[in-house]
Q: 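Sharing a structure here in structure tokens format.
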Amino acid sequence: MKIANGDREVCVASPAAKAPSVGDEKEREADAFVPPLNFAMVDNGVFRSGFPHSANFSFLKSLGLRSVIYLCPEPYPEENEEFLKENGIRLFQFGMDGSQEHFVKIPEHAIREALKVVLDVRNHPLLIHCKRGKHRTGCLVGCVRRLQKWCLTSIFDEYQRFAAAKARVSDQRFIELFDISSVEHLPMSFSCSKRIV
């Protein structure tokens, strides 16, 4: 309905218009593509994020994921497991303590095993996540970048972009000192790893 207001018309809602119902809101939410916290593409077929919630499921479904790497020790929530099962997505869990205590070390064997999953293209498209997508995810992605021959400055810049004020020197030291020789023999199909001759 339009109401004349001097020289201009003002649009107002029709008295017959009603506010959206809760059902309508839930339908819109189901159709919305909301990425998880700290979501980003690492490389072709490899993504990273914080912990995905039900509001993120439509978005994740659009990625056509085959695998999820979960870097927390806590059991995967039933709702998330059900989503994975319904969509034929395989879960790889490498439980790493997310504590920031100095005596808690990042387990090299867990990173090494997770890297094997990331490097196997049969697992792509793949999502790597922990709770917030900062430290554990940042360490794994940092080691992927080492395999891709990124310089440490660029690796640390990316790590700090996601960790922000919570960046940990211990994580960056881990990335720098991680022995990539145990996994660099594995085939890599990442776009950044291919050399142009």
Side-chain angles (χ1 to χ4, degrees), residues 31-53 55-72 76 80-81 83-94 96 106 108 110-164 167 171-172 174-176 178-197:
D31 292 337
F33 285 172
V34 180
L37 175 73
N38 266 338
F39 178 84
M41 183 179 204
V42 175
D43 207 314
N44 292 329
V46 181
F47 306 94
R48 65 176 290 165
S49 76
F51 198 91
H53 299 284
N56 310 125
F57 290 170
S58 292
F59 177 81
L60 294 178
K61 190 173 182 174
S62 75
L63 299 176
L65 296 174
R66 282 191 193 159
S67 309
V68 166
I69 293 179
Y70 175 49
L71 300 173
C72 300
Y76 215 52
N80 290 55
E81 275 191 6
F83 169 76
L84 297 183
K85 190 179 349 172
E86 287 172 3
N87 292 282
I89 301 169
R90 189 168 175 198
L91 176 66
F92 295 90
Q93 184 170 1
F94 301 96
M96 293 186 249
I106 298 158
E108 279 195 45
I111 292 287
R112 194 170 290 109
E113 292 304 309
L115 280 170
K116 289 176 185 176
V117 174
V118 173
L119 295 176
D120 187 344
V121 294
R122 294 172 296 182
N123 297 319
H124 295 185
L126 167 118
L127 174 68
I128 303 165
H129 79 83
C130 54
K131 188 174 180 179
R132 302 264 185 250
K134 294 179 179 185
H135 304 110
R136 291 168 278 198
T137 299
C139 286
L140 180 56
V141 171
C143 291
V144 167
R145 298 308 191 198
R146 293 263 325 275
L147 287 168
Q148 292 177 315
K149 310 281 191 245
W150 279 32
C151 70
L152 286 174
T153 304
S154 296
I155 295 170
F156 295 158
D157 180 58
E158 180 181 47
Y159 170 86
Q160 291 167 356
R161 212 173 27 245
F162 288 93
D171 288 349
Q172 293 172 71
F174 173 85
I175 294 166
E176 181 179 5
F178 182 77
D179 180 15
I180 61 170
S181 67
S182 61
V183 287
E184 66 185 350
H185 66 281
L186 296 171
M188 287 185 49
S189 64
F190 292 116
S191 60
C192 297
S193 66
K194 295 179 180 162
R195 293 181 182 251
I196 299 173
V197 189

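FYI, the numbering just counts along the sequence from 1.
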Q: Rounded to the nearest 0.5 Å, how far does CZ of F94 lie from NZ of K116?
A: 9.5 Å
Q: Report the residues that fulfil side chain to side chain contact (heavy atoms under 4.5 Å, CB included) with D171, sequence neighbours left out, ordered by chain and then residue number.
A: I106, H135, C139, Y159, R168
Q: Which residues satisfy the side chain to side chain donor-acceptor pair (under 3.5 Å) test with D179, sequence neighbours excluded?
A: S181
Q: For E81, what residues pass the salt bridge (charged side-chain N to carboxylate O under 4.0 Å, His left out) criterion, not counting sequence neighbours?
A: none
Q: Enter the distance from C130:SG to L140:CG here, rounded to the nearest 0.5 Å.
A: 9.5 Å
Q: Output the distance between atom CD1 (I89) and atom CG (L127), rounded to the nearest 0.5 Å.
A: 9.0 Å
Q: Just so I know, are the side chains of N123 and V118 near enough to count as touching, which here means a heavy-atom distance under 4.5 Å?
A: no
Q: Apply side chain to side chain donor-acceptor pair (under 3.5 Å) to R90 and list each qualifying residue two or more places apart in sequence or on a separate chain.
A: none
Q: What residues form a side chain to side chain donor-acceptor pair (under 3.5 Å) with N80, not counting sequence neighbours?
A: none
Q: Would you say that H129 contacts P36 through its side chain, given a criterion of any heavy-atom pair below 4.5 Å between the two side chains?
A: no
Q: Can you measure from NE2 (H124) to CG (L63) and round to the nearest 0.5 angstrom?
A: 13.5 Å
Q: Of all residues at least two apart in sequence or in a different chain, which pass the side chain to side chain donor-acceptor pair (under 3.5 Å) check with E108?
A: R112
Q: With sequence neighbours left out, what residues match L91 under side chain to side chain contact (heavy atoms under 4.5 Å, CB included)?
A: V68, Y70, Y76, L84
Q: Among all residues two or more places apart in sequence or in another chain, which pass the ring-ring contact (aromatic ring centres under 6.0 Å, His included) test with F162?
A: none
Q: Name all residues meeting the side chain to side chain contact (heavy atoms under 4.5 Å, CB included) criterion together with P125; count only those two or more places apart in sequence or in a different chain, and write none if there are none.
A: F47, L65, R66
Q: Answer yes or no: does atom CZ of R132 have more than 12 heavy-atom neighbours from other residues, nucleotides or ligands under 6.0 Å?
A: no
Q: Taking side chain to side chain contact (heavy atoms under 4.5 Å, CB included) as the test, write out the residues that go with D157, two or more places apart.
A: R161
Q: Could you measure the distance from the CZ atom of R146 to the CD atom of E176? Nearest 0.5 Å is fine.
A: 7.5 Å
Q: What distance do I180 atom CD1 and Q148 atom CD have between them, rounded to the nearest 0.5 Å?
A: 11.0 Å
Q: Of all residues at least two apart in sequence or in a different chain, which pass the ring-ring contact (aromatic ring centres under 6.0 Å, His included) check with F57?
A: F83
Q: Should the ring pair H53 and F51 be called parallel, tilted or perpendicular, given that the plane angle runs from 0 to 90° and is split at 30 and 60?
A: tilted
